[in-house]
Amino acid sequence: MLFFAAYAVYFWREIRGGQDEDDDEEELEPLKFQPKAATPATWAVVAQTLVTLAVIFFASQLFVKQLDAIGPMIGLSASVTALLLSPIATELPEIMNAVIWVRQGKTKLALANISGAMMIQATVPSGLGLLFTKWHFDTALLWSGLITMAAIVYLLLTMRAHKLTPARLSVAAGFYVLFALGLIPILT
């Protein structure tokens, strides 16, 4: 429940906070349903959002069914298979958006996208998982948590030093490789 409360507070602050006065307004891509409208109609925004949510829902159902099938085929438990493959599927679109926006000079938008996605994924799925599934805190989950904390510390230190570049951001992918390699002795 604490995860949901933290997310609700974060969401409320972001909605109420608005733009900082010294931030440059970064131009977003036009709405797909009304690409030529400077300010799209509410119905178009709602329709595009609903279509997007429907696609995400059906794609996630397919993804979970594939994880259920792949796990036994490669001899791994469902939780380990999810730990290995879910980050690729869930974060790859966010990473691609970030790379595109950094190349376009929209660094703040890229960082906001990644941090927002991480905040949602760290609270909502974790909270639901803790509430509605049986969790066995095993070595693989402990390893996952340690690598995640190491990646967060690396990114925080890099951002605080104002030295975040695409190359340094891509170094963070090494933490995933380290995680995958660390699972080998754990699972054997």
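Note that these values count all heavy atoms, side chains included, but never hydrogens, waters or copies made by symmetry.
In this structure, the ring-ring contact (aromatic ring centres under 6.0 Å, His included) partners of Tyr154, at least two apart in sequence or on a different chain, are Phe175.
Remark: Lys106 NZ to Ile100 CD1 distance equals 10.5 Å, nearest 0.5 Å. From Leu142, atom CG reaches atom CG of Asp138 across 9.0 Å, with rounding to the nearest 0.5 Å. Distance check: Ile186 CD1 to Phe179 CZ gives 7.5 Å after rounding to the nearest 0.5 Å. To the nearest 0.5 Å, atom CG of residue Leu85 and atom CG of residue Leu67 are 6.0 Å apart. To the nearest 0.5 Å, the span separating CZ on Arg168 from CE on Met159 amounts to 13.0 Å. Interatomic distance, Asp68 CG to Thr81 OG1, rounded to the nearest 0.5 Å: 9.0 Å.
Across Ala69 and Pro72, no two heavy atoms sit closer than the pair O-CD, 3.5 Å. When all heavy atoms of Pro40 and Leu31 are compared, the pair lying nearest together is CB-CD2, 3.4 Å. Between Pro35 and Pro30 the shortest heavy-atom distance is O-CB, 3.2 Å.
A donor-acceptor distance shorter than 3.5 angstrom exists from the side chain of Thr52 to the backbone of Gln48, with no hydrogens or angles considered.
Using a 4.5 Å heavy-atom cutoff, the side chains of Leu178 and Trp143 are in contact.
Leu50 and Ile56 fall into different hydrophobic clusters, where Ile, Leu, Val, Met, Phe, Trp and Tyr are joined by side-chain heavy atoms under 4.5 Å apart, directly or via other members. Residues Met73 and Phe63 share a hydrophobic cluster, clusters being chains of Ile/Leu/Val/Met/Phe/Trp/Tyr side chains in contact below 4.5 Å. If you chain together hydrophobic residues whose side chains sit under 4.5 Å apart, Leu155 and Tyr176 fall into the same group. Val171 and Val177 fall into different hydrophobic clusters, defined by Ile, Leu, Val, Met, Phe, Trp and Tyr side-chain heavy atoms under 4.5 Å apart, directly or through other members.
Hydrophobic cluster membership for Trp43: none, as no Ile, Leu, Val, Met, Phe, Trp or Tyr side chain comes under 4.5 Å of it.
Evaluated for a side-chain contact (heavy atoms from CB on, under 4.5 Å) with Thr42, the options Val46, Val45, Thr39 yield exactly one hit, Val46.
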